Amino acid sequence: QVQLVESGGGLVQAGGSLRLSCAASGRTFSTYAMGWFRQAPGKEREFVAAISGRGGRIYYADSVKGRFTISRDNAKGTVYLQMNSLKPEDTAVYYCAAGASGLAITETWYDYWGQGTQVTVSS
């Protein structure tokens with residue numbers, strides 16, 4: 001019921017910023033919790049951030065807390081990930097996901113996934 005398309009990835013120097021966007025098709029976007037995950041080369045996919053359907057609850061992985069901000073604009077059907085103070089270890093493919101089961105940090109609780117966007121942070 002939901003198609004997700006990420007954008008905004010690219011190459012940035014350490015200490016720089018990027019904003020990722022994830023556009024969702026269809027209506028009832030606000031009924032889905034949204035999450036961001038990432039997968040670095042040779043690593044397991046890991047949780048980054050999640051936001052509830054209307055933005056009332058937000059969770060971050062400890063590794064990004066204080067640097068990344070997740071937000072959503074339900075009128076536009078879009079979720080964002082503002083990434084500041086980027087580090088080389090943030091380099092990964094970033095995926096957005098939508099879940100009908102409520103806010104969660106477990107990837108198995110999400111039902112729909114985007115194609116991913118590459119973020120590369122140089123030193």
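Everything quoted here is computed from the prediction, not taken from an experiment.
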Using the side-chain hydrogen bond (donor to acceptor under 3.5 Å, both in side chains) criterion, which residues pair with E89? Sequence neighbours excluded. none
Output, in order, the C-alpha distance, side-chain angles, deciding distance and verdict of side-chain contact (heavy atoms from CB on, under 4.5 Å) for M83 and Y94. CA-CA 11 Å; M83 305 184 295; Y94 283 71; 3.9 Å; yes
Sequence neighbours left out, what passes side-chain hydrogen bond (donor to acceptor under 3.5 Å, both in side chains) with Q3? Give chain and number order. none
Is it the case that one hydrophobic cluster holds both I105 and Y95, taking links as side-chain heavy atoms less than 4.5 Å apart, direct or via other members? yes
Could you walk me through whether Y32 and V79 pass the side-chain contact (heavy atoms from CB on, under 4.5 Å) test, one step at a time? CA-CA 11 Å; Y32 289 88; V79 63; over 6 Å; no
Residues two or more places apart in sequence or in another chain: which of them pass side-chain hydrogen bond (donor to acceptor under 3.5 Å, both in side chains) with S30? none
Kindly write out the residues that satisfy ring pair (Phe, Tyr, Trp, His ring centres under 6.0 Å) with Y110, not counting sequence neighbours, or none if the list is empty. F37
Could you give me the CA-CA distance, side-chain angles and deciding distance for L18 and V119, then say whether side-chain contact (heavy atoms from CB on, under 4.5 Å) is met? CA-CA 9 Å; L18 284 173; V119 172; 3.9 Å; yes
Who are the side chain to side chain contact (heavy atoms under 4.5 Å, CB included) partners of S7, not counting sequence neighbours? S21
Results of side chain to side chain contact (heavy atoms under 4.5 Å, CB included) for S17 - residues two or more places apart only: Q82, N84
Nearest 0.5 Å please: distance from the CG atom of N74 over to the CE atom of M34. 9.5 Å
Heavy-atom pair with the smallest gap, counting every atom of Q118 and A92: NE2-O, 3.5 Å
Could you pull out the closest heavy-atom pair between T69 and Y60, with the gap in Å? CA-OH, 3.2 Å
Please tell me whether I70 and L20 are part of a single hydrophobic cluster in this structure, the criterion being side-chain heavy atoms less than 4.5 Å apart. yes
Can you check whether R38 reaches E46 side chain to side chain, under 4.5 Å on heavy atoms? yes
Tell me the salt bridge (Lys or Arg N to Asp or Glu O under 4.0 Å) pairs involving residues 11-21, sequence neighbours left out? none
Taking transitive links into account, so neighbours of neighbours count too, which hydrophobic residues share a cluster with Y80 at under 4.5 Å side-chain distance? none
Please list all pairs meeting disulfide (SG to SG under 2.5 Å) that have one or both residues in residues 70-119, counting only residues at least two apart or in different chains. C22-C96
Heavy-atom closest pair, residues A14 and S123: CB-CA, 4.5 Å
Sort and list the pairs that fulfil salt bridge (Lys or Arg N to Asp or Glu O under 4.0 Å) and have at least one residue in residues 49-59, not counting sequence neighbours. none
E107: which residues meet the side-chain hydrogen bond (donor to acceptor under 3.5 Å, both in side chains) condition with it, sequence neighbours left out? R45
Taking only residues at least two apart or on different chains, which pairs with a member in residues 67-81 satisfy salt bridge (Lys or Arg N to Asp or Glu O under 4.0 Å)? R67-D90
According to a 4.5 Å side-chain heavy-atom criterion applied to Ile, Leu, Val, Met, Phe, Trp and Tyr, with indirect links allowed, do V12 and V93 form part of one hydrophobic cluster? no
Same cluster or not: are V5 and W113 linked, directly or through other Ile, Leu, Val, Met, Phe, Trp or Tyr residues, by side-chain heavy atoms under 4.5 angstrom apart? no
Would you check if the side chain of E6 reaches a backbone N or O of Q115 as a donor-acceptor pair within less than 3.5 Å? yes
Where is the tightest heavy-atom contact between T91 and P41, given as atom of each residue plus distance? O-CD, 4.5 Å
Please find the pair of heavy atoms, one from A98 and one from V2, that lie closest to each other, and give the distance. CB-CG1, 4.4 Å
If every non-hydrogen atom of G77 is compared with every non-hydrogen atom of F29, which pair is closest and at what distance? CA-CD2, 3.7 Å
Co-membership, hydrophobic cluster, residues I51 and V64, 4.5 Å side-chain: yes
